[in-house]
Amino acid sequence: MRIEGKGRIDVSTPVKFSFDGQGYTGFKGDTLASALLASGVKLVGRSFKYHRPRGVLTAGSEEPNAMVEIGRGAAQVPNVRATVQEIYDGLDAYSQNRMGPLAYDLLSVNDLFPNFLSAGFYYKTFMWPRAFWEKLYEPVIRRAAGLGSLSGKHNPDHYEKAFAHCDILVIGSGPTGLMAALTAALGGADVILCEESNEFGGRLLSEDEEIDGQPGAEWVASMLDALRDTGRVRLMSRTTVTGAYDQGTYGALERVGLHVNGPAELPKECFWRINARQAVLAAGALERPLAFPMNDRPGIMMASAVRSYLHRYGVAAGRKVTLFATNDDAHRTALDLMANGVEIAGVVDARPDANAQGDYPFFAGAEVITTKGRKALTEITIRHNGSEQKIATDCLAMSGGWNPTLHMTCHMNSRPVWNEEIAGFVPADDAVPGLIPAGACKGTYSTAGCLAEGVEAAKQALSALGGKTPEVEIPQASDAVGGSKPLWLVSGKGRAWLDFANDVTSKDIKLAAQEAFTSVEHMKRYTTQGMAPDQGKNSNIGALAILADATGRAIPETGTTTYRPPYVPVSISALGAGAQGKGFAPERFTTSHDASIERGAPMITAGLWYRPSYFPRPGETTWRQSCDREVNMTRSAVGICDVSTLGKIDIQGPDAGAFLDFVYTNMFSTLKVGRVRYGLMLREDGHVMDDGTTARLGESHYVMTTTTAAAGEVMKHLDFVQQCLRPDLNVRFISVTEQWAQFSVVGPKSRDLLNGLLDAPIDNDSFPYMGCGEVSVMGVRGRLFRISFSGEHAYEIAVPSRYGEALYRQLVTQAETLGGGAYGMEALNVMRVEKGFITHSEIDGRVVPFDIGMDRMVSAKKMCIGKPATLREGLKETDRPQLVGLKPVGAVKELTAGARLFSAGADATRVNVEGYTTSVGFSPSLGHFIGLGFLKDGPNRMGEVVKMVDHVRKVETTVEVCSPVFLDPEGEKLRG
Amino acid sequence: MRIKCPLCGDRDSREFTPMGHETYMNRPDDEGWSPAWDNYLHLRDNPAGVTRELWYHGAGCTSWLRVERDTVTHDILRVELASDAKRGNA
Amino acid sequence: MVKLLAKSPVEGLVPLEINGLTLTESGLGPVTSVAPYAGQEAAASGALKALIGAEMPSPNRSTGREGARVIWTGAGQAMVVGADVDASLAQHAALTDQSDAWVTFRLQGQGVEDVLARLTPLDLNPGVFKTGHAARSQLGHMNAVFLKVAADAFEIMIFRSMARTAVHEFEIAMKAVAARAALS
Ligand SMILES: [Zn+2]
């Protein structure tokens, strides 16, 4: 029911929305909850376990009941709190956690058998027989479990993440936060003020209260002007600070586009990483529900929420309202409603010495002992002076006092401290470094106290930053503190709910205690109390008090569970913002990418790089046909392949040679200028890290190549070696991977092709095998290396990347006129396997030089990284799996990589494994499959026939052990 | 978590990768395998309290840093360039 | 004979203009990394000064001006942008041609920091990061060099191979910021 002239809504702007398919109208500024209450809708959802009818309990993000789904289809978002969701034209909301219509939920049958689903039910019930789990129990439980539902489709909405930095972060914009922000800004600090709601002001917008003689809301407006005037405050509304992390890092969730029907580019939410040198926590307090029998009916609400709906949204939560409270503060609810013409049917105060504060039916020392009304509250029964009395009512406002919103102070492992005076937990001292709690979140409940503490906290933060502290006048305000007396549980028949969202009652807590789950952490997990989306904001303290009582301990002795981030649920979409689709990882493209795509090459990823797999030609229907043709073409004429993705590191300085000697197993200081050498790099534990060629371009100038996969790791390793081990070496290096576009020109016609493009022709003398030097290619200064990864007479030619595409196109065109062309990764792989060249399939981090027959490459003349560790016992023993070649001799002619090797007669079981295959391919040169692998004592088993079994792909065959070099073992082609 | 790189200033942890205890800076001189090598490669204390670790500012200036921090409080007590620390140790 | 044609990695992808913010490419001029050898820092700086009138910058800074600028890019390393270097510097420092290794973007317009706040963890608040300041950090998942060249403009260097991803990321952030601006 709307009260004319009340609230902060814009009645000139009606908003149409729907709930469960039915159309409603609210106003701009309404939440879904306020608009539904205004329209008389009380039943908004069903509880999790018993499927009991539930209504709106609160007016904030702590809401346990009114959770809805927004939208339908791919963009459907579940578990949206109706108390937070602002309405907009076209908002399409649905109640959730029901089977069938909301009013006739089929699973509400659960409610008839409450003991059936009591604490530990699942643990006790679904134990045996075991076979029932998969077929019966799990599907049934899954069907009923979970809050809300997902569409199962890819989320089309846009979410974003962002970073913010400030001197002082102020969390919350009630009286404490506003004063803290102003003080901080006047002290010269850059301030971020975060407010969870759409409007700044906190409780001041929800109370009839004056500050400095001004209505609270007006004072808030003037404070916001003052904050803007400082030019130092960034105001972030709709932003919930969700977590406190190390070194002043805070997470915050901003609702950017959830309150409008915005364009696709508008993010729904933004997850902020805020870096604050100091922070003031002014998060206020949350009102404590009362645990009395049947306290969960729609129409039973927090007293503070009833006032929020009245003052902020102009909504009377009922027509005949009752109040059940333990404190003076809550009496305001009755007074405020009466002032706006709402009937108060009774005020029930549990304190015997309480006094009425206005002209309403008053019951001191009384309790509500039960309630009636299936889908909405109709009546309460109270116990007063030993007799029971029924009161007709459609809204019961309850207040058990307040709990400080200290969650953030627990995020770094601090436990809150029990404060007897306010009968609540308050933050421990220095709970989070640099985070200063102030106001209600540390148990200061009077407005006057909050204003003063806000100023004080900001001054403390300013001092910590070494700045001046300004003089700030503290406004006049009420110093009433509410005076609450704790009431943990009203005895009586029926269930008293603690955790509304997870349907945990006082009986569940007692049962847990009775069954020896007396530790608060065990109780929580056994009953699931506090494990719903509200994370126990409404129930933790009550549950703890009941557990304390049930186990005969005091509350501080019983302890408390801690609060962990996030303070409110954060969608995975927001946390992972930017990482969907193309945002997941950068795509790295070579300069030949477009040309490869034009030639129809399917691209495969190599780390972040995209490389062509093969280049199909007309008539070729399988990749194997293309691959075989590319191998033959290259070995008979000439092939072109982009090898720019290999890491290239420019190394210079007087000690460059000494540095390379230290990081490679073999010698580089002795390499002649203009020559290239293959190098093997070890980790300090003696295992192979990477391999590649290094060219000496000048006396103190080398360029190293790494594998594509290890480029980043090698760079990091070289930085480590230079900075942490050998800062004495005068050497400088930098990646030039991106600077040079580099292409393999491979095959007997490679030199002919190059001589058509180079400005000065080359021959075997100017560029012998393993020679290198500068060349001029079509007017561009480039580099030429005569190296081969195929066994063929081959070169790698490099030009600055801007010319890469043009050169690649030239090379391929020229190659085609010579009977060759472009080849892809498949052909590259076949050709290197034919030659027994290793890649990271072989050097997979588990092999030492001995295993790949490169023991002699570890120079005896010098020290290098990894050398001492290669001398360890067991690393040179013949029964280690060592590199061998394999060719099929059984009925099955196919080899697979990753298969296990066994002695011919042995069973193919784990204990009999003698080795494994690493790389395989069909060799068109030889006309059969070939493979590389590791076999125990392999080099001494040449010619032996062993069994290959691929248990995963179900391939089994026999293979002959042979040399890993299948083609041209003397290397005659290389030198031709 | 944030680390104050001596060159780049106060930076978000995503720019860094940890390597482990500073022991890695003190490579033994032994030519062959020895107990010193075994210690260097394999043996580490795991203190609840102050420790010194190597962190790589790979997304920043590419400096290796020696970071003194408390594993209990997560306080970062001191950050220096590993190359400076190495020269100082030598 | 045909000449090899140079191609920009962002050909056809920039310029972009979204709600008053522009993303353009800043030239293909020479870029050379300069890493002074041990004990040669002052000599290298002097040689650089003689050569192009700008010294080696201190960390997180740049020297010179548009056309001949030296940008700090890491431990013991700077990049000379827009000017050639020669042997007078090479005797004091390792010089490496980086002209083709990077794509340099210029992002300019009011609220440029808002776009970058979505892409980098750097603190680019005007009071902290001023014109002439330089930093190494990340743009999305990509390593980057940031240089503030004017009150409303940054130059951002990204590895060439990731140019397309960078444009994609810029565009998303620019559109999101524009969509927010349209809200109020
Ligand atoms: Zn750094």
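Below, chains carry the letters A, B, ... as their sequence lines are ordered, and counting in each starts from 1. Note that the structure is a prediction, hence the values are computed from the model and not measured. FYI, side chains are in, hydrogens and waters are out, and symmetry mates aren't considered; it's all heavy atoms of this structure.
Between the C:Asp100 side chain and the A:Ser801 main chain, a donor and an acceptor come within less than 3.5 Å of each other. In this structure, A:Arg611 contributes its side chain and A:Asp642 its backbone to a donor-acceptor pair below 3.5 Å.
For the salt bridge (charged side-chain N to carboxylate O under 4.0 Å, His left out) with A:Asp190, the lone residue among A:Arg234, A:Arg232, A:Arg277 that qualifies is A:Arg232. No option in A:Thr645, A:Thr590, A:Thr605 other than A:Thr605 meets the side chain to side chain contact (heavy atoms under 4.5 Å, CB included) test with A:Tyr610. Tested against A:Pro267 for a side chain to side chain contact (heavy atoms under 4.5 Å, CB included), the candidates A:His158, A:Glu254, A:Arg255 yield a single pass: A:His158. When each of C:Val149, C:Ile52, C:Val31 is paired with C:Arg69, the side chain to side chain contact (heavy atoms under 4.5 Å, CB included) condition holds for C:Val149 and for no other.
Heavy atoms of A:His701 lying under 4.5 Å from chain C are absent altogether. The contact between C:Asn125 and chain A is made entirely by side chain atoms (from C-beta outward), counting heavy-atom distances below 4.5 Å. The contact between C:Gln98 and chain A is made by backbone and side chain atoms together, counting heavy-atom distances below 4.5 Å. Proximity to chain C is limited to the side chain of A:Gln810, based on heavy atoms less than 4.5 angstrom apart. Heavy atoms of C:Leu183 lying under 4.5 Å from chain A belong exclusively to its side chain. If you measure heavy-atom distances from A:Thr737 to chain C, you find no contacts under 4.5 Å at all. Proximity to chain C involves both the backbone and the side chain of A:Pro800, based on heavy atoms less than 4.5 angstrom apart. Heavy atoms closer than 4.5 Å to chain C are found in both the backbone and the side chain of A:Leu266. Looking at A:Val256, both its backbone and its side chain come within 4.5 Å of chain C, counting heavy atoms on both sides. For A:Phe584, the part lying near chain C is the backbone, with the side chain staying farther off; criterion is any non-hydrogen pair under 4.5 Å. Contact annotation for C:Arg180: both backbone and side-chain heavy atoms come within less than 4.5 Å of a heavy atom of chain A. Contact annotation for C:Glu113: neither backbone nor side-chain heavy atoms come within less than 4.5 Å of a heavy atom of chain A.
With chain C as partner, the option from A:Ala585, A:Gly262, A:Pro586, A:Ala164 having the largest number of non-hydrogen pairs under 4.5 angstrom is A:Pro586. Interface summary for chain A: among C:Ala101, C:Ser161, C:Ala117, the most heavy-atom pairs under 4.5 angstrom belong to C:Ser161. The candidate from C:Pro121, C:Ala179, C:Ala94 with the greatest count of non-hydrogen atom pairs under 4.5 Å with chain A is C:Pro121. Taking C:Ser33, C:Pro36, C:Ala173 one by one and counting their heavy-atom pairs under 4.5 Å with chain A, the maximum is reached by C:Pro36. For the set A:Trp740, A:Phe163, A:Phe589, the count of heavy-atom pairs under 4.5 angstrom toward chain C peaks at A:Phe163. Per-residue counts of heavy-atom pairs under 4.5 Å with chain A were compared for C:Leu116, C:Thr120, C:Val177; the largest is that of C:Thr120. Chain C forms the most heavy-atom pairs under 4.5 Å with one residue out of A:Val799, A:Val777, A:Ile734, and that residue is A:Ile734. Between chain C and the options A:Arg273, A:Lys161, A:Glu265, the largest number of non-hydrogen pairs under 4.5 Å is found for A:Glu265.
Dense packing is recorded around NZ of A:Lys716, with more than 12 heavy atoms of other residues, nucleotides or ligands lying under 6.0 Å away. Crowding of C:Gln110 atom CD: a count of heavy atoms from other residues, nucleotides or ligands under 6.0 Å not exceeding 12.
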Determine, stepwise, if the pair A:Gln652 / C:Thr96 fulfils side-chain hydrogen bond (donor to acceptor under 3.5 Å, both in side chains).
CA-CA 9 Å; A:Gln652 299 186 55; C:Thr96 306; 3.2 Å; yes
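Closest heavy-atom contact between C:Ala78 and C:Pro57: CB-CD, 3.9 Å.
Judged purely by distance below 3.5 Å, without hydrogens or angles, the side chains of C:His92 and C:Gln40 pair a donor atom with an acceptor atom.
Using a 4.0 Å cut-off between charged side-chain N and carboxylate O, C:Asp97 and A:Arg783 make no salt bridge.
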